[in-house]
Amino acid sequence: MPKQYLPRQSQKTYPPPHVCIYCGAKDNLSDEHIIPKALGGRWILPQASCNRCSAITSAFEGVCARPILGPLRLYYGFPTRRKKSRPKTMPLKVKLTPEQQDWSEVNVKQEDYPFLVLLPQYNLPEELTGVQATGRRDSATNSFWIRGGNFGPEKAFLEMLCHRLQVCSIMPMATCSTPEWSLMLAKIAHSYTVAELGYNGFVPFLSQMIVNSDTSNHVQYIGGGIQQTEPKSTILHEVSLVEYPNSSKDLLVVRIRLLGSLETPTYYIVTGKKSAAA
């Protein structure tokens with residue numbers, strides 16, 4: 001199948017805050033990619049993350065970049081610090097005959113691997129709806145957006161691959177760890193709000209969630225993943241401050257749609273409220 005290409009994100013460098021935007025430290029600061037570099041992010045907030053917080057955000061971004069979106073990044077050639085170690089083949093679960101009970105594994109070329117993308121879907125944040133969620137308050141969900149990451153009509157592609165591999169069945173695989181996905185959304189939204197409004201330009205809600213890697217109150221601030229299919233985006237990632245209908249005018253809401261040209265869902269993150277001086 002002909003390889004598709006994703007649009008490249010625009011380049012942007014914001015003024016440096018000269019303070020860690022997560023904990024307030026002022027020493028040993030490094031540049032922060034608002035959207036992870038591993039996902040093609042090119043919006044940079046210089047001198048914005050201390051060593052400790054950089055290690056924290058790198059840990060949960062690494063889970064998103066590898067187990068969750070690793071096959072997609074391989075297929076589309078996203079940036080990596082370990083390019084030479086990228087695999088040429090990947091193990092695929094197959095059944096050689098209709099009678100076979102257990103799945104076998106065969107290695108297929110990385111560009112032919114039929115991976116799936118699995119992203120969580122949530123209700124809108126409590127801060128936007130004013131309605132307290134029932135049940136769990138963390139990032140767990142039973143609702144997911146799922147698509148074939150590198151193939152069009154699923155049945156036709158899988159039939160073609162079965163014929164090529166001389167097998168009767170194929171099991172495309174996907175994984176999603178919702179705590180890390182929730183934390184990455186929080187980090188993107190928080191850092192973008194700082195970039196646009198300044199470190200002291202708002203009262204933040206998400207700093208402690210990010211620093212402590214704590215998603216126990218996810219439902220208050222993070223939601224979305226709209227269930228109906230949205231039109232393809234013409235840009236790689238959509239991130240913007242928006243006014244959400246009927247919500248408090250003091251709230252700051254960031255709309256995030258990552259990899260929108262793949263028809264991915266949109267999330268809404270409440271990052272804080274406007275400061276008195278705003």
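Taking 4.5 Å as the limit, every side-chain heavy atom of Arg255 sits out of range of all side-chain heavy atoms of Val239. Under the 4.5 Å side-chain criterion, counting only non-hydrogen atoms from C-beta, Ile34 is not in contact with Ile44. The shortest distance between side-chain heavy atoms of Arg8 and Leu236 does not fall below 4.5 Å. Ile256 has its side chain within reach of Ile269: a pair of non-hydrogen atoms, C-beta onward, lies under 4.5 Å apart. Looking at heavy atoms from C-beta onward, Cys168 lies out of side-chain contact with Cys162 at the 4.5 angstrom threshold. With a 4.5 Å cut-off on side-chain heavy atoms, Leu258 and Leu119 do not count as touching. Taking 4.5 Å as the limit, every side-chain heavy atom of Gln9 sits out of range of all side-chain heavy atoms of Ile235.
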Problem set entry | Chi angles and distances behind the side-chain contact (heavy atoms from CB on, under 4.5 Å) call for Lys93, Ser104 | CA-CA 6 Å; Lys93 290 186 178 295; Ser104 304; over 6 Å; no
Exercise. Between Leu29 and Asp27, does a side-chain contact (heavy atoms from CB on, under 4.5 Å) hold up when you go through it step by step?
Worked result: CA-CA 6 Å; Leu29 302 175; Asp27 298 322; over 6 Å; no
Problem set entry | Val63 and Arg66: CA distance, side-chain angles, deciding distance, side-chain contact (heavy atoms from CB on, under 4.5 Å) verdict | CA-CA 5 Å; Val63 174; Arg66 289 188 286 276; over 6 Å; no
Exercise. For Lys88 and Gln110, what are the C-alpha separation, side-chain angles and deciding distance, and is it a side-chain contact (heavy atoms from CB on, under 4.5 Å)?
Worked result: CA-CA 5 Å; Lys88 302 296 183 184; Gln110 173 266 122; 5.9 Å; no
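In summary, the side chains of Tyr22 and Gln208 do not present any donor paired with an acceptor at a separation below 3.5 Å, with no hydrogens or angles considered. No hydrogens or angles considered: a donor-acceptor pair under 3.5 Å links the side chains of Arg42 and Gln11. For the residue pair Ser10 / Trp43, a side-chain donor-acceptor distance below 3.5 Å is found, with atom types taken as modelled. Neither side chain, Ser191 nor Glu32, offers a donor N or O lying under 3.5 Å from an acceptor on the other. There is no side-chain donor-acceptor pair under 3.5 Å between Ser182 and Ser139. When only modelled atom types and interatomic distance are considered, Thr97 and Gln100 share no side-chain donor-acceptor pair under 3.5 Å.
With hydrogens and angles disregarded, a donor-acceptor distance shorter than 3.5 Å links the side chain of Asp214 to the backbone of Ser216. Between the side chain of Asp31 and the main chain of Gln47, a donor-acceptor pair closer than 3.5 Å is present.
Checked for salt-bridge contact, Lys95 and Asp102 miss the test: no charged N lies under 4.0 Å from a carboxylate O.
Connection of Phe205 to Val219 is not established within any shared hydrophobic cluster, with ILVMFWY side chains joined at heavy-atom distances below 4.5 Å, either directly or through further cluster members. Both Leu241 and Leu206 are assigned to one and the same hydrophobic cluster, defined by single-linkage of ILVMFWY side chains at heavy-atom distances under 4.5 Å.
Nearest heavy-atom pair across Cys176 and Ile68 is CA-CG1, 3.9 Å. Considering every non-hydrogen atom in both Leu128 and Tyr268, the closest pair reads CD1-CB, 4.1 Å. Taking each heavy atom of Pro79 and Arg73 in turn, the nearest pair found is O-NH2, 2.7 Å. A pairwise comparison of heavy atoms in Ser213 and Phe60 identifies OG-CD2, 4.2 Å as the closest pair.
Test His218, Gln220, Arg137 against Glu126 for side chain to side chain donor-acceptor pair (under 3.5 Å) and you get one pass: Arg137.
More than 12 heavy atoms of other shown residues, nucleotides or ligands fall within 6.0 angstrom of atom NZ in Lys12.
Here the SG-CG distance, from Cys64 to Leu39, works out to 8.0 Å after rounding to the nearest 0.5 Å.
Aromatic ring centres of Tyr113 and Tyr75: separated by at least 6.0 Å.
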